[in-house]
Amino acid sequence: MTPQLIFRRFTSPTDEGWRETMTLYESAFPAKERRSEEDTVRALSDPEFHAYSVWQEGEFVALLFYWQNENLTYGEFLAVRPELRGQHIGQRIMEWFREQGDLIFEIEPPVDELTCRRRGFYERLGFVTNDYHYIHPSYGTPLAPHPLVLMSRHHPISRERAVELAAYVRERVMRYSHNPNPANPVIE
């Protein structure tokens, strides 16, 4: 029998698993693609921000950060501890996450073996690539906007929906960064 995953939503940096989650977060994502710990703590006060540690049999195994309102579920970060990859933990997290709404995720452009495997992971789960030119702003300094690929579940999103996501990231998500007035993301 597959062990159950337990999702624990953070409300404070004093919650169990915070340090493990921040350690994984900092090692899994480049500095330009993640917010500082201080900004993440500030984001915890936003009811649309969902920061989870994921546990299996009492052991911290992964993190999942996403944003959700009545119109949008935006998957921001998913990372599984490197030594636990290949055990279907990410797949099981995404199966749970799919129940949270119509998902939109960002991934790095598939340019090497790792990023191609990552895209394949999402495609096997029913996500499709959206062919919009999408540049994401940096969360911190130095400011280095970077291209990402939008992925959505089952079918591509409309241009209107992509523009809505870009505005949401610019106006809501980036409040919790060292880049509070970004020009990006935009859909071209």
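Throughout, numbering of the chain's residues begins at 1 and tracks the sequence.
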### Query
How long is the span from the NE2 atom in H88 to the CG atom in L5, to the nearest 0.5 Å?
12.5 Å
### Message
Is it the case that over 12 heavy atoms from other parts of the model lie below 6.0 angstrom from the CD atom of E83?
### Response
yes
### Message
Are L125 and I157 linked, directly or through intermediate hydrophobic residues, by side-chain heavy-atom contacts shorter than 4.5 Å (ILVMFWY only)?
### Response
no
### Query
What are the two closest heavy atoms between A62 and I89, and how far apart are they?
CB-CG2, 4.4 Å
### F97: which of F7, Y74, F105, F77 passes ring-ring contact (aromatic ring centres under 6.0 Å, His included)
F105
### Query
P147 versus I135: any side-chain heavy-atom pair under 4.5 Å?
yes
### Task
Report yes or no: does R98 contribute a side-chain atom to a donor-acceptor pair with the main-chain N or O of G126 at less than 3.5 Å?
no
### Query
Under 4.5 Å between any side-chain heavy atoms of N69 and Y168, yes or no?
yes
### Query
Does E108 reach the side chain of L148, with side-chain heavy atoms less than 4.5 Å apart?
yes
### Query
Does some side-chain heavy atom of R161 sit less than 4.5 Å from a side-chain heavy atom of L72?
yes
### Criterion side chain to side chain contact (heavy atoms under 4.5 Å, CB included) on Y139 and M174, from CA distance to verdict
CA-CA 7 Å; Y139 287 99; M174 295 305 293; 3.8 Å; yes
### Message
Under 4.5 Å between side-chain heavy atoms, counting indirect links through other Ile/Leu/Val/Met/Phe/Trp/Tyr residues: same cluster for V54 and F29 or not?
### Response
no
### Query
How many angstroms lie between CZ in R8 and CD in E16, if you round to the nearest 0.5 Å?
4.5 Å
### Summary
In terms of heavy-atom contacts, N130 and V149 come closest through O-CG1, 4.5 Å
#### Entry: Shortest non-hydrogen separation from T21 to L63 and the atoms involved
O-CD2, 3.6 Å
### Task
Step by step, work out the side chain to side chain contact (heavy atoms under 4.5 Å, CB included) result for Y122 and I107.
CA-CA 9 Å; Y122 289 110; I107 62 166; 3.5 Å; yes
### Query
F49 ring centre to R35 NZ or CZ under 6.0 Å, with the angle to the axis within 45°?
yes
### Query
Under 4.5 Å between any side-chain heavy atoms of Y134 and V169, yes or no?
yes
### Query
Which atom pair, heavy atoms only, marks the closest approach of R172 to W67?
CG-CZ3, 4.2 Å
### Task
Please examine the side chains of R19 and M22, heavy atoms only from C-beta on, and report whether any two atoms are closer than 4.5 Å.
yes
### Query
When you measure from the side chain of S138 to the backbone N and O of L143, does any donor-acceptor pair fall under 3.5 Å?
no
### Query
Which of parallel (below 30°), tilted (30 to 60°) and perpendicular (above 60°) describes H50 and Y66?
parallel
### Message
Please tell me whether T115 and D112 have a donor and an acceptor in their side chains that are separated by less than 3.5 angstrom.
### Response
yes
### Query
Should E123 and M151 count as side-chain neighbours, where that means a heavy-atom distance under 4.5 Å?
yes
### Task
Could you tell me the separation between the CD atom of E59 and the CD atom of E20, rounded to the nearest 0.5 Å?
10.5 Å
### Query
ring-ring contact (aromatic ring centres under 6.0 Å, His included) with Y52: which of W96, F65, F10?
W96
### Message
Test side chain to side chain contact (heavy atoms under 4.5 Å, CB included) on V163 and Y132; report intermediate values, then the result.
### Response
CA-CA 10 Å; V163 167; Y132 299 111; over 6 Å; no
### Message
Looking at R175, is its backbone amide N or carbonyl O close enough to the side chain of R42 to form a donor-acceptor pair, meaning the two atoms are under 3.5 Å apart?
### Response
yes
### Message
Could you check whether any side-chain N or O of R81 sits under 3.5 Å from a backbone N or O of F60, counting only pairs where one atom can act as donor and the other as acceptor?
### Response
yes
### Message
Rounded at 0.5 Å granularity, tell me how far CG in L150 sits from CG in L165.
### Response
6.0 Å
#### Entry: Closest approach of A166 to I187 (non-hydrogen atoms, all atoms of both residues)
CB-CG1, 4.1 Å
### Message
Checking the side chain of R124 only, and the main-chain atoms of G120 only, is there a donor and an acceptor separated by less than 3.5 Å?
### Response
yes
### Query
With hydrophobic residues grouped by side-chain heavy-atom distances under 4.5 Å, do I93 and V61 end up in a single group?
yes
### Query
Looking only at heavy atoms, which two atoms of P156 and V128 are closest? And how far apart?
N-CG2, 3.5 Å
### Query
Should R92 and E95 count as an ion pair when the cut-off is N to O under 4.0 Å?
no
#### Entry: E48 CD to E70 CD distance, which is reported to the nearest 0.5 Å
7.0 Å
### Message
If only side-chain N and O atoms count, and only distance matters, is there a donor-acceptor pair under 3.5 Å linking W18 with E37?
### Response
yes
### Query
What distance do L64 atom CG and M94 atom CE have between them, rounded to the nearest 0.5 Å?
8.0 Å
### Query
Side chains of D46 and Y176: is there a donor and an acceptor less than 3.5 Å apart?
yes
### Query
Tell me, do R118 and L114 make a side-chain contact under 4.5 Å, heavy atoms counted?
yes
### Task
For the pair R119 (side chain) and P110 (backbone), establish whether a donor and an acceptor sit closer than 3.5 Å, ignoring hydrogens and angles.
no
